[in-house]
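This report concerns only the one structure given below.
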Amino acid sequence: MTVHTTDDRWLDAPVETVFTFMDEPSNQAAVTPSLSRAERIERLPNSGNRAAYEYEMFGVTFTGEVRATTYEPPERIVYDMDGDLTGRIDWRFEPERGGTRLTYTADYDVPGPLPEFLLAPLIRWYNRREVRQLLDDVAEAVEGEERAVASSLS
């Protein structure tokens, strides 16, 4: 079953700050509710990451790797996913009103024995909730970092 999800959020932080934060796999694990582990395996020739992940959904743990196939600082990172979940995650970082419009888009295949008509609505709901929380958590992390830097300069 293929799942598609996308969402975006404006963040009160510069594009470079948001990009740098999201370029660190351990930060992605810290802000993604069901991502229990993400750790860099290596930096690729394009300077993007190859990272191992563990993702839990409905009590099932999925493991695998992501590889940055597109790495365009500070505008875009596209990861191809391999392992229990296969697909693509696309992060876009766009300057907007003195901050950043962060857009997350993912298309991936979920394995399983249940028929798609039973599973699809539940997985779509779960993913919308997860992505919204992820974007909120990124905002809290990078905006807090920006406030801390600003207060240390005053």
Side-chain angles (χ1 to χ4, degrees), residues 1-58 60-97 99-114 116 119-143 145-146:
M1 177 179 119
T2 300
V3 174
H4 171 81
T5 188
T6 188
D7 203 347
D8 65 272
R9 179 177 170 149
W10 181 81
L11 308 173
D12 189 11
V15 169
E16 292 78 10
T17 300
V18 179
F19 185 93
T20 299
F21 181 83
M22 293 309 296
D23 189 36
E24 175 54 48
S26 63
N27 287 342
Q28 291 192 28
V31 296
T32 306
S34 294
L35 188 60
S36 56
R37 181 177 68 89
E39 55 192 45
R40 180 180 296 120
I41 296 170
E42 67 177 328
R43 278 285 183 183
L44 299 169
N46 68 4
S47 297
N49 288 300
R50 177 174 155 235
Y53 73 84
E54 274 185 18
Y55 184 81
E56 296 177 17
M57 183 172 20
F58 306 120
V60 177
T61 300
F62 299 96
T63 61
E65 292 184 6
V66 293
R67 176 183 299 271
T69 54
T70 302
Y71 188 78
E72 301 169 350
E75 300 165 0
R76 187 172 182 212
I77 304 172
V78 177
Y79 289 106
D80 281 352
M81 298 169 50
D82 290 310
D84 295 334
L85 299 174
T86 59
R88 179 168 284 180
I89 298 169
D90 188 345
W91 289 99
R92 293 183 186 258
F93 309 82
E94 300 169 280
E96 182 180 299
R97 297 180 289 130
T100 304
R101 173 68 52 188
L102 176 59
T103 303
Y104 172 95
T105 303
D107 294 284
Y108 60 92
D109 293 321
V110 177
L114 294 176
E116 185 172 333
L119 210 49
L122 184 59
I123 290 177
R124 277 195 294 274
W125 167 83
Y126 185 84
N127 275 286
R128 279 192 301 271
R129 185 189 70 154
E130 289 282 302
V131 171
R132 175 54 36 200
Q133 186 63 54
L134 161 64
L135 294 171
D136 290 347
D137 291 349
V138 171
E140 184 177 322
V142 297
E143 291 171 356
E145 184 177 303
E146 284 297 299

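Remember, it's a predicted structure, so these values are computed and weren't measured experimentally.
- Counting only heavy atoms from C-beta outward, the side chains of Q28 and Y79 approach each other to under 4.5 Å.
- Under the 6.0 Å distance and 45° angle rule, R97 counts as a cation-pi partner of W10.
- With salt bridges taken as basic N to acidic carboxylate O contacts below 4.0 Å, one links R9 and D136.
- Counting all heavy atoms, side chain and backbone alike, Y126 lies closest to M57 at CE2-CG, 3.6 Å.
- Side-chain polar atoms of S34 and E56 form no donor-acceptor pair below 3.5 angstrom.
- Of the possible donor and acceptor atoms, none in the side chain of N49 sits under 3.5 Å from a partner among the backbone N and O of A51.
- Taken from CD in E65 to CD1 in I41, the straight-line distance is 3.5 Å, to the nearest 0.5 Å.
- A salt bridge links R43 to D23: at least one charged side-chain nitrogen sits closer than 4.0 Å to a carboxylate oxygen.
- Residues passing the side chain to side chain contact (heavy atoms under 4.5 Å, CB included) test with N27, sequence neighbours excluded: F21, E24.
- Checked for salt-bridge contact, E94 and R92 miss the test: no charged N lies under 4.0 Å from a carboxylate O.
- Residues L11 and V138 meet the side-chain proximity criterion, which asks for heavy atoms closer than 4.5 Å.
- Listed by chain and number, the residues in a side chain to side chain contact (heavy atoms under 4.5 Å, CB included) with R67 are L44, R50 (sequence neighbours excluded).
- For the side-chain contact (heavy atoms from CB on, under 4.5 Å) with T100, the lone residue among V142, D12, V15 that qualifies is V15.
- You'll find the side chain of L134 stays beyond 4.5 Å of the side chain of R132, heavy atoms only.
- Contact check for W91 versus F19: no side-chain heavy atoms found under the 4.5 Å cut-off.
- Counting only distance, with no hydrogens or angles, the side chain of T20 and the backbone of E16 share a donor-acceptor pair below 3.5 Å.
- Here the closest heavy-atom approach between residue N46 and residue T70 is recorded as ND2-N, 4.4 Å.
- With D7 contributing its side chain and L135 its backbone, the two residues share no donor-acceptor pair below 3.5 Å.
- Contact check for L35 versus E54: no side-chain heavy atoms found under the 4.5 Å cut-off.
- Using bins of under 30°, 30° to 60° and over 60° for the plane-to-plane angle, the ring pair Y55/F62 lands in the tilted bin.
- Listed here is the closest heavy atom pair of T61 and D84: O-OD2, 4.0 Å.
- Using a cut-off of 4.0 Å between Lys/Arg side-chain N and Asp/Glu carboxylate O, D107 and R88 are scored as not salt-bridged.
- Contact of the T6 side chain with the H4 side chain is registered, since non-hydrogen atoms from C-beta on lie closer than 4.5 Å.
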Discussion item. Go through it in stages, so that I can follow the logic: the residues are L102 and F93, the test is side-chain contact (heavy atoms from CB on, under 4.5 Å), and I'd like the CA-CA distance, side-chain angles, deciding distance and then a yes or no.
Written reply: CA-CA 5 Å; L102 176 59; F93 309 82; 3.5 Å; yes
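- For T17 (side chain) and A13 (main-chain N/O), no donor-acceptor pair under 3.5 Å exists by modelled atom type.
- Atom OG1 of T105 is separated from atom CG of D90 by 5.5 Å, given to the nearest 0.5 angstrom.
- By the 4.5 Å heavy-atom criterion applied to side chains, V3 and Y108 are counted as neighbours.
- When all heavy atoms are compared, the tightest approach of A29 to R37 is CB-C, 4.2 Å.
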